[in-house]
Amino acid sequence: EQAKLEARFQQMVDDDIKIEPQDWMPDAYRKTLVRQMSQHAHSEVIGMQPEGNWLTRAPSLRRKVILLAKIQDEGGHGLYIYSAAETLGTSREDMCKALRDGKAKYSSIFNYPALTWADIGTIGWLVDGAAITNQVALSKGSYGPYCRAMIRICKEESFHQRQGYELLLSLSKGTAEQKAMLQDSVNRFWWPSLMMFGPNDADSPHSAQSMKWKIKKKSNDQLRQEFIDATVPQAEFLGITLPDPDLKWNEERGHYDYGEIDWEEFAHVIKGNGPCNKQRAAAYIKAHEDGTWVREAANAYAAKHAAQAAE
Ligand code: ACO
């Protein structure tokens with residue numbers, strides 16, 4: 001019976017029929033989705049921190065409005081993805097508790113600081129650019145609720161990527177100091193952005209199974225290459241240098257070759273020892289604790305009204 005169910009499930013996946021919450025699915029498929037979707041949602045939420053840090057220092061009202069809207073979008077993305085993950089039978093409360101308890105992962109990239117105003121542009125251009133590359137592929141995956149969340153998220157991410165690039169374009173036409181700030185920012189964010197795609201395919205424990213289930217439609221290395229190929233011409237247009245001496249067009253492959261990623265740094269950040277891991281966790285926990293009175297008040301209000309309705 002189990003084998004029959006599994007075969008039928010895999011047939012649906014192979015035929016590109018979306019799996020919906022009420023459909024039978026293997027436990028491991030459900031578990032993998034909850035793992036990936038909760039990490040994804042947490043990344044959106046933690047990702048608000050490096051940028052939130054710059055809201056009070058945005059150089060104009062226009063920039064402030066754009067940044068505020070973008071950060072709110074990221075919070076919203078977290079909520080869509082938590083909701084999509086809840087359809088798999090896990091509660092948002094449990095997922096968030098796992099993050100507070102330090103048991104849940106989120107993307108390595110958000111453990112790097114936003115040190116200058118140029119970083120706000122670079123995060124939009126490179127970090128959101130990398131995120132879209134990945135998320136467009138995810139939107140074509142097998143689990144209906146996750147894919148549908150991705151469609152809207154990609155549209156919003158596209159605005160985020162453009163606002164970042166437009167900000168950098170202004171800096172690229174500015175003073176020598178502004179140009180230097182832009183170059184320094186890209187120097188710091190280039191490699192961590194490439195790490196967002198995860199380990200090389202050969203070192204990625206989940207990839208083969210996730211590709212078979214079409215949770216992932218493209219591999220980590222495929223997506224990384226796609227991102228690099230799309231980004232190099234944009235860097236040239238900005239008049240900046242990407243910090244990789246091995247980066248060059250390979251006519252034969254029809255792709256850019258690039259240098260080796262520092263996987264030691266990647267492992268270090270994932271283990272909790274990146275530049276801002278502790279700060280991010282502490283800010284997340286503090287926000288939860290500061291919100292205690294709001295949750296208590298909402299619960300008291302709900303209980304009062306429930307009691308009145310019962311009278
Ligand atoms: N940061 C933190 N952890 C990572 C990263 C990264 N950049 N890349 C891989 N990992 C983790 C995986 O989560 C996995 O950990 P686990 O086994 O403890 O769960 C482990 O490293 C092994 O990696 P893979 O086998 O390659 O894992 P997976 O198949 O899940 O692929 C990937 C990783 C590509 C990140 C995938 O999970 C994914 O597409 N996630 C959804 C997108 C996402 O989370 N984006 C977040 C940044 S975008 C944004 O928020 C704006």
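Heavy-atom basis, side chains included; hydrogens, waters and symmetry copies ignored. Counting convention: from 1, in listed order, for ligands and their atoms alike. Source: prediction; values computed, not measured.
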Check: Trp125 and Leu167 side chains under 4.5 Å, non-hydrogen atoms: no
If you count the atoms of ligand 1 from 1 in the order shown, which ones are under 4.0 Å from a heavy atom of [X]?
X	result
Asn220	26 (O), 34 (C)
Ala131	48 (S), 51 (C)
Gln39	13 (O), 16 (P), 19 (O)
Asn134	38 (C), 39 (O), 42 (C)
Ser204	24 (P), 25 (O), 26 (O)
Pro199	9 (C), 23 (O), 26 (O)
Ser43	46 (C), 50 (O)
Gly198	8 (N), 9 (C)

Can you tell which of [options] gets a heavy atom nearest to [atom]?
atom	options	result
atom 7 (N) of ligand 1	Ala130, Ser108, Ala104	Ser108
atom 2 (C) of ligand 1	Phe266, Phe110, Tyr106	Tyr106
atom 35 (C) of ligand 1	Met37, Met196, Met150	Met196

Considering both backbone and side-chain atoms of [X], is one of its nitrogen or oxygen atoms within less than 3.5 Å of a nitrogen or oxygen in ligand 1?
X	answer
Phe197	no
Met195	yes
Tyr146	no
His206	yes
Gln135	no

Whether Trp213 and Tyr29 hold their rings parallel, tilted or perpendicular, with breakpoints at 30° and 60°: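 Answer is perpendicular, since the angle exceeds 60°.
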Parallel, tilted or perpendicular: rings of Trp263 and Phe266 (30°, 60°):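 Because their plane-to-plane angle is over 60°, the rings of Phe266 and Trp263 count as perpendicular.
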What are the two closest non-hydrogen atoms of [X] and [Y], and how far apart are they?
X	Y	answer
Tyr143	Ala84	CE2-O, 4.2 Å
Gly129	Phe227	C-CE1, 3.7 Å
Asp262	Met195	O-CE, 3.6 Å
Glu44	Gly78	CB-N, 3.7 Å
Arg188	Pro113	NH1-O, 4.1 Å

What protein heavy atom lies closest to [atom]? Include the residue and the distance to one decimal.
atom	result
atom 15 (O) of ligand 1	Lys105 NZ, 3.2 Å
atom 22 (C) of ligand 1	Pro205 CD, 3.7 Å
atom 47 (C) of ligand 1	Ser107 CB, 3.7 Å
atom 45 (N) of ligand 1	His40 CD2, 3.8 Å
atom 40 (N) of ligand 1	Gln36 CG, 3.5 Å
atom 28 (P) of ligand 1	Lys216 NZ, 3.4 Å

Separation of Ser158 OG from Gln135 CD (nearest 0.5 Å): 11.5 Å
Stepwise side chain to side chain donor-acceptor pair (under 3.5 Å) test for Thr122 and Asp119: CA-CA 5 Å; Thr122 307; Asp119 289 0; 4.9 Å; no
CG/Asp290: more than 12 non-hydrogen atoms of other groups inside 6.0 Å: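 More than 12 heavy atoms, drawn from other residues, nucleotides or ligands, come within 6.0 Å of this atom.
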Residue Glu251 excluded, over 12 heavy atoms near CD under 6.0 Å: no
Location of contacts on Ile270 toward ligand 1, heavy atoms closer than 4.0 Å: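 It is the side chain that gets close, since no backbone atom is under 4.0 Å.
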Side chain, backbone, both or neither: Leu138 near ligand 1, heavy atoms under 4.0 Å: side chain
Gln49 and Asn53: side chain donor to acceptor below 3.5 Å: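 Side-chain D/A pair, Gln49 to Asn53: absent.
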Stepwise side chain to side chain contact (heavy atoms under 4.5 Å, CB included) check, Ile46 with Leu99: CA-CA 10 Å; Ile46 297 287; Leu99 182 58; 4.2 Å; yes
Any Gly47 heavy atom less than 4.0 Å to ligand 1: no
Min heavy-atom dist His77 to ligand 1 below 4.0 Å: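 Flag not set, His77 not near ligand 1.
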Passing candidate, salt bridge (Lys or Arg N to Asp or Glu O under 4.0 Å) with Lys214, options Asp16, Asp14, Asp15: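 Of the listed residues Asp16, Asp14, Asp15, the salt bridge (Lys or Arg N to Asp or Glu O under 4.0 Å) partner of Lys214 is Asp16.
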4.0 Å protein heavy-atom contact status of atom 32 (C) of ligand 1, strictly under: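 No, there is no protein heavy atom closer to it than 4.0 Å.
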Audit row: Tyr284, His288, ring-ring contact (aromatic ring centres under 6.0 Å, His included) steps and yes/no: CA-CA 6 Å; Tyr284 183 72; His288 179 76; 7.5 Å; no
